[in-house]
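Report on one structure; see the data block that follows.
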Amino acid sequence: MHALTVLPSRADSAAVIETPEPEPADGELLVDAIAVGICGTDKEIIAGAYGSAPPGRDRLILGHESLGRVRAAPPGSGFTPGDLVVGVVRRPDPVPCGACAHGEFDMCRNGRYTERGITGLDGYASQVWCVEAEYAVRLDPRLESVGTLLEPASVVAKAWEQIERVGQRSWFSPKRVLVIGAGSIGLLAALLGVQRGLAVQVLDHVTDGPKPEAVAALGASYYSGGIGEITARARPDIIIEATGVSHLVFEAMASTAHYGIVCLTGVSPVGRHLTVDLGAVGRDMVLENDVVIGSVNANLRHYAAAADALTAADLAWLERLITRRVPLERFHEALRPRPDDIKVVLTFP
Ligand code: BGC
């Protein structure tokens, strides 16, 4: 079978290679790949800046935004051939830490977790893959064209859960959310905000094309100016930062209403220096009871919430988010950004 692989820590080593089909271990599903989404993490791994291969191996099979169809399932697994499935990314650390022992592996405390296609475990960018039945999520067959969005949606469902849990520490009745970045994470965060009945504003730098169109189709408001222009009128109760751009992260922290919650989901590059008045931000955070949360990954509860959110969404709207479908063998094309890209997926023959 063909698989998209890299030599982690070696820039530009990505290659589609021929490798034997995996054999399912006890309790595992055998799955034929349909598609795999590409995200910033994949690009970082390909640039040699992140990721690790399975122990004893040089190459890592990439791919963590999976979608496939079950070819074979063990009896009693709850799955049957033909089911549409997505594989969960993270596995608990082997110790396990308290969080992993309680199924909250997205909150692993010792950092010894593994992640398929990212850290120490092969991913899903191969024509055939296996997954433990307990780490497979069944999708509504209606979602086949957009099923690769489940993993990013799970990351967003976790972020929303965190925001709501932090909000619940006192009286909480948010009205306005600002989402920074209209990539797939930002747009899915906006979708979940609209589903919660909030007034959603989305900020990005592009002025036309599929991003503003997707925001408008959601019934949210789109802005391409600075954060200050939006927040001057009405400060948001919640800000979801989905770019990782350092100055936006900092501006978000300074832009909420009282009792504001900023949730950071974008991984910022390191080594960029900004001159900022941390005293002013710290002072506002104290005097307004503000909170900044970092949020990464997702556990099984979040995948279930994400599947519900996608099922409840308008399919035609979700399809707008997948702006290019590129066959696996032409992965180089998928990695070259185009101005109108939201989500690019690799397809399997
Ligand atoms: C993935 C997460 C993962 C994170 C860090 C993201 O791209 O969506 O599942 O935890 O990268 O490795």
Side-chain angles (χ1 to χ4, degrees), residues 1-19 22 33-68 86-91 111 113-129 131 147-152 154-155 181 183-186 188 242-246 265-272 296-298 321-349:
M1 67 166 186
H2 286 174
L4 174 58
T5 64
V6 283
L7 292 165
S9 308
R10 182 108 45 99
D12 303 320
S13 60
V16 171
I17 63 162
E18 180 66 35
T19 178
I34 295 175
V36 67
I38 302 278
C39 81
T41 301
D42 298 304
K43 291 183 180 172
E44 266 197 55
I45 298 171
I46 290 169
Y50 193 57
S52 56
R57 292 245 314 275
D58 293 334
R59 285 200 168 261
L60 167 76
I61 299 181
L62 275 172
H64 60 277
E65 298 183 1
S66 61
L67 177 68
V86 167
V88 170
V89 175
R90 192 176 282 193
R91 297 294 178 277
Y113 59 80
T114 48
E115 289 184 336
R116 293 210 46 178
I118 303 176
T119 319
L121 293 175
D122 277 332
Y124 301 106
S126 53
Q127 284 176 294
V128 182
W129 42 267
V131 64
T148 49
L149 296 176
L150 184 69
E151 195 277 339
S154 73
V155 166
S184 50
I185 293 287
L188 289 167
T243 69
V245 173
S246 318
T265 64
V267 182
S268 303
V270 290
R272 310 237 163 113
V296 71
N297 197 252
L321 305 196
I322 301 185
T323 41
R324 280 197 290 150
R325 296 174 194 268
V326 179
L328 176 74
E329 314 295 328
R330 301 201 330 243
F331 71 91
H332 280 296
E333 273 175 43
L335 296 173
R336 273 194 297 273
R338 292 194 190 162
D340 280 351
D341 281 342
I342 298 177
K343 173 60 72 184
V344 181
V345 303
L346 296 173
T347 57
F348 291 80

Measure the shortest side-chain to side-chain distance between [X] and [Y] over non-hydrogen atoms and say whether it is less than 4.5 angstrom.
X	Y	answer
L188	L321	yes
I38	F331	no
L121	P54	no
Q127	P349	yes

Check: [X] side chain, [Y] main-chain N or O, donor-acceptor pair, under 3.5 Å:
X	Y	result
T5	A15	yes
T148	L67	no
S66	G87	yes
S268	S246	no

The criterion is salt bridge (Lys or Arg N to Asp or Glu O under 4.0 Å); which residues satisfy it with [X], sequence neighbours excluded?
X	result
R57	D122
R10	none
R59	none
E44	none

Between [X] and [Y], which heavy-atom pair has the shortest distance, and what is it?
X	Y	value
V86	G147	CG2-O, 3.8 Å
V36	A125	CG1-CB, 4.0 Å
D42	G63	OD1-N, 4.0 Å
W129	R116	CB-NH2, 4.3 Å
G51	P8	O-CB, 3.6 Å
P269	R272	CG-NH1, 3.4 Å

State the [atom1]-[atom2] distance between [X] and [Y], to the nearest 0.5 angstrom.
X	Y	atom1	atom2	result
I342	I185	CD1	CD1	13.0 Å
T19	M1	OG1	CE	5.0 Å
S13	I45	OG	CD1	10.5 Å
Y113	I118	OH	CD1	8.5 Å
E151	Y124	CD	OH	9.5 Å
E65	L346	CD	CG	10.5 Å

> Looking at residues at least two apart in the chain, or sitting in another chain, which of them share a side-chain hydrogen bond (donor to acceptor under 3.5 Å, both in side chains) with T243?
Replying inline: E241

> Can R90 and V296 be said to form a side chain to side chain contact (heavy atoms under 4.5 Å, CB included), step by step?
Replying inline: CA-CA 11 Å; R90 192 176 282 193; V296 71; 4.1 Å; yes

>> Show every side chain to side chain donor-acceptor pair (under 3.5 Å) that has at least one partner inside residues 327-342, sequence neighbours left out.
In response: H2-E329, R324-D341, R330-E333

